[in-house]
Amino acid sequence: MAANGSHQAFTPEDVLQAMVTMRGGDTDKKKRAHEYLESFQKSTAAWTITISVLQSQAEAEAKLFAATTLRGKIVYDLSTQVSPGELTAVRTQILSLLKQYASGPRPIRVQLCVCLATLAIQMRDWKDVLPVVVNSLGNDVESHACILDFLRILPEEVTEGRKITLTEEELSQRTSELLGDNATQVVQLLINYAQSSPAAATNPQLLECITSWLREVPVSDIVGSPLLDVIFHALENDNSFQAAAECLSTMVRETRDVDDNIDTIQVLLPKIIGLQPRIQKVVEEEDTEAYKSLTRLLADAGIAWVVAIAREPAHFRPIIEAILECAARDKERDVIEYTFDFWYELKQYIVLDIYIQARTELFDVYAKLVDVLFSHLEYPESESGNEKDLFDGDREAEEKFREFRHHMGDTLKDACEVMGVTECLTKVLDSIKLWTQKYASMANGTSVPHWQKLEAPLFSLRAMGRMVDKDESIVLPQVMPLLVQIPSHEKLRFATIMALGRYTEWTAAHPEFLEPQFNYIASSFETDSKEVVRAAAMSMKYFCADCKHLLSQQVLQVQSFYDKVLDTLPEVSQEEVTEGVASLVAVQPKSEIYKLLKLYCDPLVQRLMTKANNAGDEAGKLAVADHLQLITCFVKTVVIMPPTEAGDEDPAVKYWQEVFPVLAKILDGFIDFVPILERVCKCWRYMVIYHRGAMTPLLQDMADKLVSGFATTRQGCFLWVTGAILREFSDDREHVNQAITDSIYTFFEMQATNVLRFLNDLPPKEFPDVMEDFFRLLIDALLYYPQKLIPSPLLGPIFEATFSVLGLEQREPVSATLHFIRDLLMWGGKYPPSSYEHLPGDVVQGLIATVKELLNAKGELLVQRILAGMMITFPRDCFADGSGALLTLFENMPEPTVAWVDRTMRILPPGTVTPVEVDRLMSKIKEKLNVEDAGDLRQIRSILQDFTNTYRRRNIAPRDGLGQLEAGRFRFTG
């Protein structure tokens, strides 16, 4: 076997000892053992050692790790570490091991079956796979289990064949040979096995095997064979029920092209409808797993046949009613979620005009579904009787219920689309009236009987909010007066406030309902419940935003309310209420803006200074940072529209000019506290983004603070604001004169120079966040100032800096750097970015020539760094960006790039990739380059990603087994 470049010595004894160490408690020893075993798994020695461990008397966990390692060897290392002449010997050894482990333990047997299947895919000269395996394993009962495992695994591994280093053509041919050519033979083998004994007919392994081959065998072949009765019979056996249900689910999913499978569907439909009586049985027996499997099967059938259902609702109605019954009987809310997708898919069809008949016929089904959802939306009764903790301390159950309710809310919206909003709202109204008639007279200040039955329709009303048009005038005018009279129970008040907040656009169109609703929200701030107060703050935001014109006359009274409640609210609620009241200020006449900003924000600024003066510890400093966010809310909300004419004073900016020195002082006073720096910079950034040209009077002072702030702290937040200024005051902005543009670019150069200067002293890994911010800034500079940045002396050092950043293993800085590289590479081709359009032609040609000169000098190193990243260090999310950058190089400089990639691949460590694989890669790339179709050229990205993914899996990524070994998760049955 060929060497793979590993010089570490491995012995069976050392490997077994390392496995034992991995399960120990000494962290340092475990780390060394982990590194040792990781190297072992990729070494050539692993071939013989794993086989010797499997043949030895070692403990079962060690053998399973050995089998898992052997699987990885065959998947990743067969082509580089085993010569073609040795493949037959490997096959013989695995068949022998399979015979040895035919009786178990099953986990080891399964791993060996995966080994054999993966080997079969790669041994393209091995044409008689099934006969060899069946004959080698024999005909006893134990061998049958082994053969079934192999048959189940084979199609799964062929489907995963992209892990293996075969070409698409080779893999396609092998798939046809292993699956297509063997399908009939496999079906007959399974029939013979199923008919061999009653135990065989209900063996879950048989059903799993059928499921696996359903992707390769036409479902009609199974339906037309004795296997169909075998599958349905297996549903009668507890041991095989779940496997049979999963098999049937796979079958119905394979018939989703209903026009091509109508005959098969007609055979399956009555048999599946015949399962409906089982629903009540599994519920009564409290067999939750069977209940789940049955519900999934029925829902899968409904989803697969949804087009047929929409065409013939009467014919398929029994299966719809079975799915509804599954949902209705689900008292513990264990299975209803499996039906949600069905109701959604069916809705998608029957709301179409072509299926209006189905919509009419199924109206009553969706009406019943709404009733079912209402009942499931009800909070549970506390077993301990504690109204304050309905889940008796089980926070996980509480969170699950909350999440579950929102999923049900989505299904409620589906029902709304089918039935119509008025009908669904009427159900809410009827539920509220019914509760009022029964229980309202019994409610008092301390107790509200059966409040759950009132809260559920209130939640439903909120969930339907987005479906209700603001012109709805039938039901909501009856509902809204009832809402503000809901008893003062915490859960009911919370649900009412959240519902009112969802209908603020409707209220804006029906102003007669505004005052009682707004007063209800405002009074809720006085309650003792934190949940209610948070809900009130959120709803206040929406009321102020959507009803701002109606409330604008109360802007002075609202300020008094705002000033009164602000300090009593949690941080998030402070922001929400601030966003709301800022909306009221924003719609006031321009002449009033400055005065109102002073009225609302002067107290905020005073609070800010007080907090800053008292910030003696981290909590105090964080309070300052949080309070800055409130000022930012006004900055980004109170914007003069249309913008102030050039030369006129912007009243909002006039006020922010007064506040700027305070913010600058806060910045200086807390220059070593990052959260405050980031909040001040965020505030300034929004000033620039939202007030744009009107910010000109503040630019110089802001730029000075940004330059000195970055030089002192090296924090990326100063680069955020720099980027915003760069964008808003670039050459192509009409409101900017040339002198300002030039000074802004000079300001950018100062920031860039500072970054490059400190990069000379410290590596990028010390400041990954700053690297991300720096390259995002450079993206803006390249977009808006290409004629200045590309010829600049800074471009060379910037390009050099990319090489260091590409070695990081964090997604954000690498992604930003690759985006910058791609944008820069675009200037090296025939068609530079659209940002050149305002530049003279000779300038554009000069920029193209400069970038090409840079690439001629540094292109090969860039290719090496990108390929190294894709093969070794890049986070997975960066692969597409890396291959995209290389594709741009291929498009703009094809011949040099081919040479650079070829040479890079030839210097990879011996044993990690074969010359044949490199030749094959380069041949594919050259083939695509020689085709004029741009679509073929873009396939180079996929080719590079496939190759680098294979390299990484083989040589870099950890192999399977180590994690389970360390966690002690290997378990054995059979």
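- A donor-acceptor distance shorter than 3.5 angstrom exists from the side chain of N613 to the backbone of M609, with no hydrogens or angles considered.
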Self-check item: side chain to side chain contact (heavy atoms under 4.5 Å, CB included) between I821 and L806, intermediate numbers included
Solution: CA-CA 11 Å; I821 289 171; L806 291 179; 3.8 Å; yes
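- Below 30°, between 30° and 60°, or above 60°: for Y379 and W451 the angle between ring planes is between 30° and 60°, a tilted geometry.
- Judged by distance alone, the side chains of R493 and S529 never bring a donor and an acceptor atom under 3.5 Å apart.
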Quiz prompt | Verdict with reasoning, L551 to V558, per side chain to side chain contact (heavy atoms under 4.5 Å, CB included) | solution = CA-CA 9 Å; L551 292 169; V558 171; 5.7 Å; no
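- Here the closest heavy-atom approach between residue C878 and residue V814 is recorded as SG-CG1, 3.7 Å.
- Note: F799 and F803 have perpendicular aromatic rings, judged against thresholds of 30 and 60 degrees for the angle between ring planes.
- Taking CG from L777 and CG from L782, the interatomic distance works out to 11.0 Å, rounded to the nearest 0.5 Å.
- Defined by atom type and a distance below 3.5 Å, a donor-acceptor pair is missing between the side-chain atoms of H691 and D650.
- Looking only at distances, no side-chain donor or acceptor of T637 sits under 3.5 Å from a matching main-chain atom of F634.
- Sparse packing is recorded around OH of Y542, with 12 or fewer heavy atoms of other residues, nucleotides or ligands lying under 6.0 Å away.
- You'll find the side chain of L808 reaches within 4.5 Å of the side chain of P764, heavy atoms only.
- Judged by the 6.0 Å and 45° rule, K636 forms a cation-pi pair with Y686.
- Distance CG/D701 to CG/L706: 11.0 Å, rounded to 0.5 Å.
- A donor-acceptor distance shorter than 3.5 angstrom exists from the side chain of S523 to the backbone of Y520, with no hydrogens or angles considered.
- The two residues I666 and I676 come nearest to each other via the heavy atoms CG2-CG2, 3.8 Å.
- Using a 4.0 Å cut-off between a side-chain N of Lys or Arg and a carboxylate O of Asp or Glu, K491 and E455 do not qualify as a salt bridge.
- In this structure, T21 contributes its side chain and A33 its backbone to no donor-acceptor pair below 3.5 Å.
- Environment of NZ in K598: crowded, with over 12 heavy atoms of neighbouring residues, nucleotides or ligands closer than 6.0 Å.
- Taking 4.5 Å as the limit, every side-chain heavy atom of L677 sits out of range of all side-chain heavy atoms of D672.
- Using modelled atom types, no side-chain atom of R685 and backbone atom of I725 make a donor-acceptor pair closer than 3.5 Å.
- A heavy-atom distance below 4.5 Å is not found between the side chains of F543 and K548.
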Practice problem: Let me see the working for K682 and C717 under side chain to side chain contact (heavy atoms under 4.5 Å, CB included), right down to the final yes or no. | Solution: CA-CA 8 Å; K682 183 178 180 182; C717 55; over 6 Å; no
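- Side-chain contact between C683 and L628: absent, with no pair of heavy atoms (C-beta onward) separated by less than 4.5 Å.
- Side chain of Y600 to backbone of Q559: a donor-acceptor contact under 3.5 angstrom is found.
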Self-check item: Pair L458-L492, side chain to side chain contact (heavy atoms under 4.5 Å, CB included): steps then yes or no
Solution: CA-CA 8 Å; L458 291 175; L492 294 177; 4.1 Å; yes
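- Contact annotation: the side chain of V688 approaches that of F729 to within less than 4.5 Å [non-hydrogen atoms, C-beta and beyond].
- Side-chain contact check for P813 versus Q810: some heavy-atom pair is nearer than 4.5 Å.
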Practice problem: Give the intermediate values and the outcome of salt bridge (charged side-chain N to carboxylate O under 4.0 Å, His left out) for residues K611 and D626. | Solution: CA-CA 10 Å; K611 289 175 184 287; D626 293 339; over 6 Å; no
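- For the pair V581 and V585, the minimum side-chain heavy-atom distance is 4.5 Å or more.
- For residues 574-586, the side chain to side chain donor-acceptor pair (under 3.5 Å) pairs, not counting sequence neighbours, are Y562-T578.
- For Q629, the CD atom is densely surrounded, since the number of other residues' heavy atoms within 6.0 Å is greater than 12.
- A cation-pi geometry, defined here as NZ or CZ lying under 6.0 Å from the six-membered ring centre and within 45° of its normal, holds between R405 and F459.
- Looking at E398 and R395, a side-chain N of the basic residue comes within less than 4.0 Å of a carboxylate O on the acidic one, giving a salt bridge.
- Between F525 and F561, the gap from one ring centroid to the other is short of 6.0 Å.
- Side chains of D602 and Q606: no donor on one and acceptor on the other come within 3.5 Å.
- Listed for the T696 side chain is a donor-acceptor partner under 3.5 Å among the backbone atoms of G693.
- Interatomic distance, CD of E649 versus OH of Y594, reported as 8.5 Å (0.5 Å rounding).
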Quiz prompt | Steps toward salt bridge (charged side-chain N to carboxylate O under 4.0 Å, His left out) verdict (K621, E618) | solution = CA-CA 5 Å; K621 294 176 184 179; E618 183 168 350; over 6 Å; no
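- Side-chain atoms of T722 and Q751 form a donor-acceptor pair, as typed in the model, at a separation below 3.5 Å.
- Residue-environment remark: CG (D528) stays at or below the threshold of 12 foreign heavy atoms within 6.0 Å.
- Annotation for E766: atom CD counts as buried by contact number, over 12 foreign heavy atoms lying within 6.0 Å.
- Annotation for L759 and A801: closest pair CD1-CB, 4.1 Å, computed over non-hydrogen atoms.
- Judged by distance alone, the side chain of H627 and the main-chain N or O of R607 form no donor-acceptor pair under 3.5 Å.
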Quiz prompt | Derivation of the ring pair (Phe, Tyr, Trp, His ring centres under 6.0 Å) call for H406 and F401 | solution = CA-CA 9 Å; H406 288 288; F401 177 70; 9.9 Å; no
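- Looking at F775, F710, F718 one by one, the single match for side-chain contact (heavy atoms from CB on, under 4.5 Å) with V770 turns out to be F710.
- Comment: E658 does not engage K654 in a salt bridge, judged by the lack of any side-chain N to carboxylate O separation of less than 4.0 angstrom.
- I689 and A724 make their closest contact through CG1-CB, 4.1 Å (heavy atoms, listed as atom of the first residue, atom of the second, distance).
- Rounding to the nearest 0.5 Å gives a distance of 6.5 Å between OG1 of T753 and CZ of R757.
- Residues M687 and W684 form a side-chain contact, since some pair of their non-hydrogen atoms from C-beta on lies under 4.5 Å apart.
- Scanning both residues, A625 and R679, for their nearest heavy atoms gives O-NH1, 3.1 Å.
- The backbone N or O of R811 lies less than 3.5 Å from no partner atom in the side chain of S815, so there is not a single donor-acceptor pair.
- Aromatic ring orientation, F758 versus F767: perpendicular (interplanar angle above 60°, classes split at 30° and 60°).
- Under 4.0 Å is where a charged nitrogen must lie from a carboxylate oxygen, and between E35 and R32 no such pair does.
- A salt bridge links D742 to K788: at least one charged side-chain nitrogen sits closer than 4.0 Å to a carboxylate oxygen.
- A donor-acceptor contact shorter than 3.5 Å is absent between the side chain of R502 and the backbone of G465.
- Taking both residues in full, the closest heavy atoms of V721 and C681 are given as CG2-O, 3.3 Å, listed atom of the first, atom of the second, then distance.
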